[in-house]
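What follows is a single structure, written as structure tokens, with notes after it.
To find a chain, count down the sequence lines: A is the first, B the second, and so on, and within it residues start at 1.
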There are 2 protein chains.
Amino acid sequence: MKPALLINQVVQKVRAEGGRMTAQRRVILEALVAHPGHPTADEIFASVRRVDPSINLSTVYRTLRWLEENGFVAPRWFEDDHRRERFDPLTGTHTSGEHFHFRCRVCNRIIEFDEPLLAEVCAAFEQRSGARVESAALVLYGVCARCR
Amino acid sequence: MKPALLINQVVQKVRAEGGRMTAQRRVILEALVAHPGHPTADEIFASVRRVDPSINLSTVYRTLRWLEENGFVAPRWFEDDHRRERFDPLTGTHTSGEHFHFRCRVCNRIIEFDEPLLAEVCAAFEQRSGARVESAALVLYGVCARCR
DNA sequence: AAGATTGATGCAAATCGTTTGCATTTAACT
DNA sequence: AGTTAAATGCAAACGATTTGCATCAATCTT
Ligand SMILES: [Mn+2]
Ligand SMILES: [Mn+2]
Ligand SMILES: [Zn+2]
Ligand SMILES: [Zn+2]
């Protein structure tokens, strides 16, 4: 999905809800999709401020929450600063399905990956425990290829 | 590892560091190992308060941090209240190695499990990406057998 | 056993990321 | 252009955790 398409989708959803497409929402959305990796609210805030210096951090949060509730971004937490929420635009290669993350302890880069084996892990647990597994969060930590 | 043994180990480590084994530390440690699941700081606080009503929450935190730094408990976060830290006493069946968690969305129970397949998931990612994987956090979410 | 030493405690205040209430602005409808 | 209510900016509140500091008490010294 191209960024432009994403914006159109968002416009559509906003209208469908009787909402309004404001300049702030547009700018935040652009900053989000332009951002590599998984930015925090204040990374987006800093980025957006360069375009519109009068924008407020609470607007950034409100917009991100709205995007989250409407399935455009997913919230993520990683063990090192587990307290700071990160936002994962569901617009890249991994749009639709689940995907997983590797975080480099040296450069903090996050690498996304998919892994069919994980479905088997879930299936094995379901069978063993009798539970129904609905979603899975997997984060690997280590040192990325570049940092070795 | 039996709770009593754990306490001895802690005493040993405390002394080795020139620290002091206080009544508070003992009570907190007992509350922690007695607690099923993965308690939060204020669950432990509440539990400890019944034994020693004059104990302070900051003492609970300081003790938990010390236990964490010394490898007696591991910090955990789960997606629903991701902001509240939970403490995992490394004293049960899964003491030494990594283990993983399933969290029931209905009763919030946490089930621990181990899964050899996960080593393969890591190996596959290492090979594909050139990264070195040092640890993995996997949490499954769904509905447990009891709640279905 | 009493005193000295200093690590740990209790308390209150600070911190930090995020949320909320409210007066004001403004997008979208008429 | 005028009306309506959704969204904004601002400041204050929030909740979990941390910190500074005076006091207490576990362990060491005598
Ligand atoms: Mn991602
Ligand atoms: Mn556990
Ligand atoms: Zn790296
Ligand atoms: Zn359940």
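We find that CD1 of A/Ile28 is positioned 12 Å from P of D/dA7, with the value rounded to whole Å. B/Arg25 places its CZ atom 12 Å from the P atom of C/dG10, with the value rounded to the nearest Å. Between the CG atom of B/Asp42 and the P atom of D/dT17 there is a distance of 7 Å, rounded to whole Å. If you take CG of B/Asp81 and C1' of D/dT17, they are 14 Å apart, rounded to a whole angstrom. For the pair A/Glu85 CD and C/dT19 P, the interatomic distance rounds to 7 Å; values are reported in whole Å. One can place CD of A/Glu43 at 16 Å from C1' of C/dT18, the figure rounded to the nearest angstrom.
Between B/His99 and B/Asp88, the closest side-chain pair of non-hydrogen atoms falls below 4.5 Å.
Taking every heavy atom of residues 46-57 of chain B and every atom of DNA chain C, pairs under 4.0 Å involve B/Ser54, B/Ile55, B/Asn56, by number. Within residues 59-77 of chain B, the residues approaching DNA chain D are B/Tyr61, B/Arg62, B/Arg65, by heavy-atom distance under 4.0 Å.
Between the side chains of A/Thr22 and A/Arg26, no donor N or O sits under 3.5 Å from an acceptor N or O. A donor-acceptor contact under 3.5 angstrom links the side chains of B/His38 and B/Glu112, judged on distance only.
Remark: side-chain polar atoms of B/Ser129 are paired, donor with acceptor, to backbone N or O of B/Phe125 under 3.5 angstrom. Judged by distance alone, with hydrogens and angles left aside, the side-chain atoms of A/Arg103 form no donor-acceptor pair with the main-chain N or O of A/Val143 at under 3.5 Å.
Salt bridge A/Glu69/A/Lys13: absent, no basic N to carboxylate O contact under 4.0 Å.
Nearest to the side chain of A/Ser58, among C/dG10, D/dG9, D/dA7, sits D/dG9.
Ring centroids of B/Phe78 and B/His101 are separated by less than 6.0 Å, placing the two rings close together.
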Protein heavy-atom contacts under 4.0 Å, written 5' to 3' over nucleotides 24-30 of chain C as B (base), S (sugar-phosphate only) or - (none), form the string --BBS--
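Between B/His82 and A/Trp77, the ring planes lie parallel to each other; the angle is under 30°, not in the 30° to 60° tilted range.
Minimum interatomic distance between A/Asn56 and A/Phe45 (heavy atoms only, all atoms of both residues): C-CE1, 3.7 Å. Taking each heavy atom of A/Leu138 and A/Leu140 in turn, the nearest pair found is CD1-CD2, 3.8 Å. Contact between B/Met21 and B/Val10 at its shortest, heavy atoms only, is CE-CG1, 3.6 Å.
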